[in-house]
Amino acid sequence: MKNILFILSGPSGVGKGTLANLLRERNKNVALSISCTTRQPREHETDGKEYFFISKDEFIKEIESDGFLEYSSHFGNYYGTPRKFVENKLKTHDVMLEIDVNGGLSVKKNYKDAILIFIAPPSFNELKNRLINRHTETEDKIEERLQRIDYEFEKEKQYDYTVINDDLNRAVSELEKIINEEKNK
Ligand code: 5GP
């Protein structure tokens, strides 16, 4: 069985992080790539765990030395996937990226074998409630993120799979099925 690179994308607040954590707990061969970002850490976030929180200057240096497999900016901050980590890990593990739709599509341009998986909410209202109940963003920021949802759904058409995050265990099982099928292709 080969190791695969797969990408989880989907609207902010859809629960990608929770899905990704459970998937990794259940599958020790899956490594998560930790992105770099210039945004400020949220209250419970730790440097090196959710992200590497770096300055704009550091980020620009990384771009210049071709250190990112892809990068983009959202909501005024930069986010990038560290190239070396992904390339090294793929030798021994399946690698999961949790990045936005544009990031996913640009990775696929370089790695044709990358599997793009879109995580969708059961409904728009459900997603809105999740974003609001998270209490991590101001109302303006929530609105900004909600407006991006249409754009992301447009890009979903170019994804290989869509998994609806209606029930955590069910959605993880569906992800596992996709991954196993792809590993055996
Ligand atoms: P958040 O600030 O909510 O953690 O993330 C905002 C958006 O940035 C999400 O859509 C998330 O998937 C995306 N993102 C996180 N890391 C990366 C990355 O390395 N590259 C790209 N292109 N997007 C990322």
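In this text the structure is predicted, and so the values were computed from the model without any measurement. Order of appearance sets the numbers: ligands from 1, and atoms from 1 within every ligand.
Of all protein heavy atoms, the one closest to atom 9 (C) of ligand 1 is K16 NZ, 4.5 Å. Here the protein heavy atom with the shortest distance to atom 20 (N) of ligand 1 is E70 OE2, 2.7 Å. Given atom 16 (N) of ligand 1, the protein heavy atom at minimum distance is S35 OG, 3.2 Å. For atom 14 (N) of ligand 1, the closest heavy atom belonging to the protein is Y79 CD2, 3.7 Å. In terms of protein heavy atoms, atom 18 (C) of ligand 1 is closest to I99 CG2, 3.3 Å. The shortest contact between atom 15 (C) of ligand 1 and any protein heavy atom is with Y51 OH, 3.3 Å. In terms of protein heavy-atom proximity, atom 21 (C) of ligand 1 is nearest to D100 OD1, 3.3 Å. With hydrogens left out, the protein atom closest to atom 8 (O) of ligand 1 is H74 CD2, 3.2 Å, a heavy atom.
Residue contacts with ligand 1 for E98 involve N, CA, C or O but no side-chain atom from C-beta outward (heavy atoms, distance under 4.0 Å).
With contacts defined as side-chain heavy-atom distances shorter than 4.5 Å, the pair F53/T38 does not qualify. Here the side chains of E156 and P11 are not in contact, with every heavy-atom distance at 4.5 Å or above.
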When you look at N102 and Y151, which way does the side-chain hydrogen bond (donor to acceptor under 3.5 Å, both in side chains) test go after all the steps?
-> CA-CA 10 Å; N102 288 328; Y151 176 79; 3.1 Å; yes
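Of all atoms in ligand 1, numbered sequentially from 1 with element shown, those under 4.0 Å from a heavy atom of G80 are 18 (C), 19 (O). Atoms of ligand 1 found under 4.0 Å from any heavy atom of R39, numbered from 1 in the order shown, are 1 (P), 2 (O), 4 (O).
Inclusion of R42 in the set of residues having an N or O under 3.5 Å from an N or O of ligand 1 is warranted. The shortest N/O to N/O separation between F75 and ligand 1 does not fall below 3.5 Å.
The minimum heavy-atom distance between G80 and Y71, with the atom names listed, is CA-CB, 3.8 Å. S73 approaches Y78 most closely through the heavy-atom pair CB-CD2, 4.0 Å.
R83 contributes a side-chain N or O that, together with a main-chain N or O of D66, makes up a donor-acceptor pair within less than 3.5 Å. At least one donor-acceptor pair closer than 3.5 Å links the side chain of R170 to the backbone N or O of I164.
Contact annotation: T81 has at least one heavy atom less than 4.0 Å from an atom of ligand 1.
Evaluation of the salt bridge (Lys or Arg N to Asp or Glu O under 4.0 Å) rule for K183 yields D94 as partners, not counting sequence neighbours.
Among I178, I7, I117, I115, the single residue meeting the side-chain contact (heavy atoms from CB on, under 4.5 Å) criterion with D160 is I115.
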